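Only one structure is covered here, and it is reproduced in the block below.
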Amino acid sequence: MTWIPYKRSWDGIDSTGHNVNAGLLEKDRNLYTIRAVPLTDVHSIHRHAPPLGWQYVIVVLSSGLAHPPLYFYNGGVREFLATIKQHVSLLRSRDDANVFLVNDLQDPLQKSLSSLELPRAVPGSNGTALHSSISSSFSNETPGRLNDATVDGKSTTTEYNGKQKQKFNDPARDISIQVLEKFSLVTKFARETTSQLFRESHHDSSNSYERMQWMNSGSINMASIEPTIKQKVPDENPATLDSLQVDKLSLVWGKARQSPLNYVEWATFLDSEGRVKDSEALRKRIFYGGVENNLRKEVWRILLGYHAYDSTYAEREYLASVKKSEYDVIKSQWQSISPSQAKRFTKFRERRGLIEKDVVRTDRSFTYYDGDDNQNVTLLHDILLTYSFYNFDLGYCQGMSDLLSPILFVMENESEAFWSFVALMERLGPNFNRDQNGMHSQLFALSKLVELLDSPLHNYLKQADCLNYFFCFRWILIQFKREFEYEQVMYLWEVFWTHYLSEHFHLYVCVAILKRYSRKIIGEQMDFDTLLKFINELSGHIDLDGIIRDAEALCVCAGENGEACIPPGTPPSLPIEAESMYLPQDDDL
Amino acid sequence: MSYAYLFKYIIIGDTGVGKSCLLLQFTDKRFQPVHDLTIGVEFGARMITIDNKPIKLQIWDTAGQESFRSITRSYYRGAAGALLVYDITRRETFNHLASWLEDARQHANANMTIMLIGNKCDLAHRRAVSTEEGEQFAKEHGLIFMEASAKTAQNVEEAFISTAATIYKKIQDGVFDVSNESYGIKVGYGGIPGPSGGRDGTVSQGGGCCS
Ligand SMILES: Nc1nc2c(ncn2[C@@H]2O[C@H](COP(=O)(O)OP(=O)(O)OP(=O)(O)O)[C@@H](O)[C@H]2O)c(=O)[nH]1
Ligand SMILES: [Mg+2]
């Protein structure tokens, strides 16, 4: 099955992947296309015919993943289903007349449950892999708006003026998010509730009208159409699930995590000269499982962009030797500063003093850096001080040593660690800008994502005057370095560095964690102080794989709308104009 | 554990002056030279007794890094007490006090009790700020003052407790409307939500050490 959106009218879909199409730019088409999915991978099709607004269907795959809604602006759902029926058996669910089970002849409910829970029940299973990548965008556009919206959404080079991109003027987008949310709420509690889970949420006309109004004012609100689902929890009375309780159910449909990439598999990604054959496939593989520790040295340099994906073994080796001498030159710049020169060089002394004080307070309980006179601590110092000369405008700021520590541990080589760190700082450098604009833009994007993906929490935080999201400061500044074990941090970072679903996957991880505790935060009416303390104390208690899966689900679910929450140039995106990357630090450090 | 009052404290001052060490010494009674630098904020808590009343101190240890200030300032909100720390062996940490103080006054409540601490007084041989200068600064700005050492634990208890005693006295004197939580005070079991004839705690104030 293929879905290729067509401007102005529903155009067609067939089982062979061929499609008629007209009036679309190539680029736009790619954006909204669902590439061929074998019908054998489709679990069910859910039809939605809201009293107001467009009809749409949602295609749920056997893996439990759901595609974004496919909108039918001029009718055609019936024809669509009829077409599908020519190719596979289509069975109307006993429990919901709008659910059509594909290829599912025996005990549909049972099977649907097991397939929906598969990712959790069979960890590490590859059997559920999709044949197509999920398009993270939503389907058709409102007639006449297509070009606008797509150019708007994808171009990161366009000028960025406002604080936020006003992209939420399409009601379809809003609803789609909401519906996808519903799909995501299948959990172990779901056994008793499945029959009601996919039911249309009842929104009346006034509701839709209001939503239009919100859309027009540039904000979106999903709280008003939270689904009503019954939940049965053993130790609680069955109760109607209100918008707060929804969050108790965790998302389950991020894909099962895989084992880390190992040496044998890594070799299959390379051609005979060492080039990565398919960088997309590699990034995807690493996104779903990380990398074995002994491979990190090689893989990280590529993920970080220090080595190009299409570089050969020989080119990498050559670059390393060139870069080694380059490093030595920069390092000699500060090494050659004599004590009497240093005496007249306050900025240098201050930076050096700060670095000296910080490297002895970085991961000292980790074996690689423990003990007195540890040579690796000296290396941390030398690399950071060299970096502050390499990038004198940015200099040194606390948090950098946290970022460097795992890199040096992995590289075990001063120059290679330095250049890998440089590559990382190309993207994360703005986190340390003196004016904190890099941090503020990420916190702002986070608030927009929460507004989109967890509007009850957003509304609560707004009312509690917590929308600055300062309680997530540490998470973002040092990429969760303090929230997980050392090994887990390295794994999470390589997932981030793939930029597989989004450059800003770390923000979705923030949302995923907040969403897990959303009910608690709202239920206990946490104020800023309590929330900050609560978030701080989550350190070491976060289920990493579960959170990555939730974040994946949220990221797919938010799709285009999610990316629209994130202003262009928000770190770790490369800045829009290279020159504006670092504002010279105007005072002492 | 139940308390009569809960006081929110913040610890502020330049990076590396020993804020985290002071906190750890106070809450765990140990000096831990190898611990991580602070990013954002960290928390500690301890029960103390003043005037026979159990008082819980909830302490926010903030990051000293200059460029985080725009964010760490937001943590000052609603603190009843502040420990403003400098390092007696590093002159610049003393020179920056005025700007810390201004920040605190601007972003915390006006009645916040501030204790100035000259830390690392075990390193008297490397002293760069005299006790008198510390005293003078405190006097000019209406702060309580002590020199202390997170390493030897000298004056650490005293600093935290006498700050609490001062706050407690202010409560007794009716300076605060304790029902208003923006003062950083929560009333628990046995706390008197208003002025009464109670008297000051057991701890004396002020004075340098090891000068
Ligand atoms: N000799 C001595 N050293 C101390 C004392 N207090 C702290 N130190 C040392 O000073 C260094 C910095 O102490 P921290 O407590 O980490 O400093 P901080 O003020 O929390 O710094 P930031 O978290 O960066 O704001 C540590 O390496 C301690 O070993 C003290 O009383 N005496
Ligand atoms: Mg600290």
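Heavy-atom basis, side chains included; hydrogens, waters and symmetry copies ignored. All values reported here derive from a predicted model rather than from experimental measurement.
- Salt-bridge formation is detected for the pair A:Asp465/B:Arg77: a Lys NZ or Arg NE/NH1/NH2 atom is positioned less than 4.0 Å from an Asp or Glu carboxylate oxygen.
- Residues of residues 474-481 of chain A lying under 4.5 angstrom from chain B, judged on non-hydrogen atoms, are A:Arg474, A:Leu477, A:Ile478 in numerical order.
- Contacts between B:Thr38 and chain A at a heavy-atom distance below 4.5 Å involve the backbone alone (N, CA, C, O).
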Before giving the answer on side chain to side chain contact (heavy atoms under 4.5 Å, CB included), spell out for A:Val509 and A:Ile547 the whole-Å C-alpha distance, their side-chain angles and the decisive distance to 0.1 Å. CA-CA 7 Å; A:Val509 168; A:Ile547 284 297; 3.7 Å; yes

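- Using a cutoff of 4.0 Å between basic side-chain nitrogens and carboxylate oxygens, A:Glu451 and A:Lys462 are not scored as salt-bridged.
- A ring-centre distance under 6.0 Å is found for A:Tyr517 and A:Phe534.
- One finds the CG atom of A:Leu384 at 11.0 Å from the SG atom of A:Cys397 (value rounded to the nearest 0.5 Å).
- Of the two parts of A:Phe470, the backbone and the side chain both hold a non-hydrogen atom closer than 4.5 Å to a non-hydrogen atom of chain B.
- Shown here for A:His504 and A:Thr570, the closest heavy-atom pair between the two residues is NE2-O, 2.8 Å.
- Contacts between B:Arg90 and chain A at a heavy-atom distance below 4.5 Å involve the side chain alone, from C-beta outward.
- Using a 30° and 60° split on the angle between ring planes, B:Phe160 and B:Phe26 fall in the parallel class, below 30°.
- When heavy atoms are compared at a cutoff of 4.5 Å, B:Glu42 approaches chain A by way of both its backbone and its side chain.
- For A:Ser539, no part lies near chain B; criterion is any non-hydrogen pair under 4.5 Å.
- Comparing B:Arg69, B:Glu92, B:His35 by heavy-atom pairs within less than 4.5 Å of chain A, the highest count is held by B:His35.
- Using a 4.0 Å cut-off between charged side-chain N and carboxylate O, A:Lys533 and A:Asp529 make no salt bridge.
- Heavy atoms closer than 4.5 Å to chain B are found in both the backbone and the side chain of A:Asp358.
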Verify side chain to side chain donor-acceptor pair (under 3.5 Å) between B:Trp100 and B:Glu102, making sure each step is shown before the conclusion. CA-CA 5 Å; B:Trp100 284 109; B:Glu102 189 185 307; over 6 Å; no

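- Looking at A:Gln436, the atoms closer than 4.5 Å to chain B (heavy atoms on both sides) all sit in the side chain, from C-beta outward.
- Proximity to chain B (any heavy atom under 4.5 Å) is shown, for A:Ser365, by neither the backbone nor the side chain.
- With a 6.0 Å cutoff to the six-membered ring centre and a 45° limit on the axis angle, A:Arg427 does not count as a cation-pi contact of A:Phe496.
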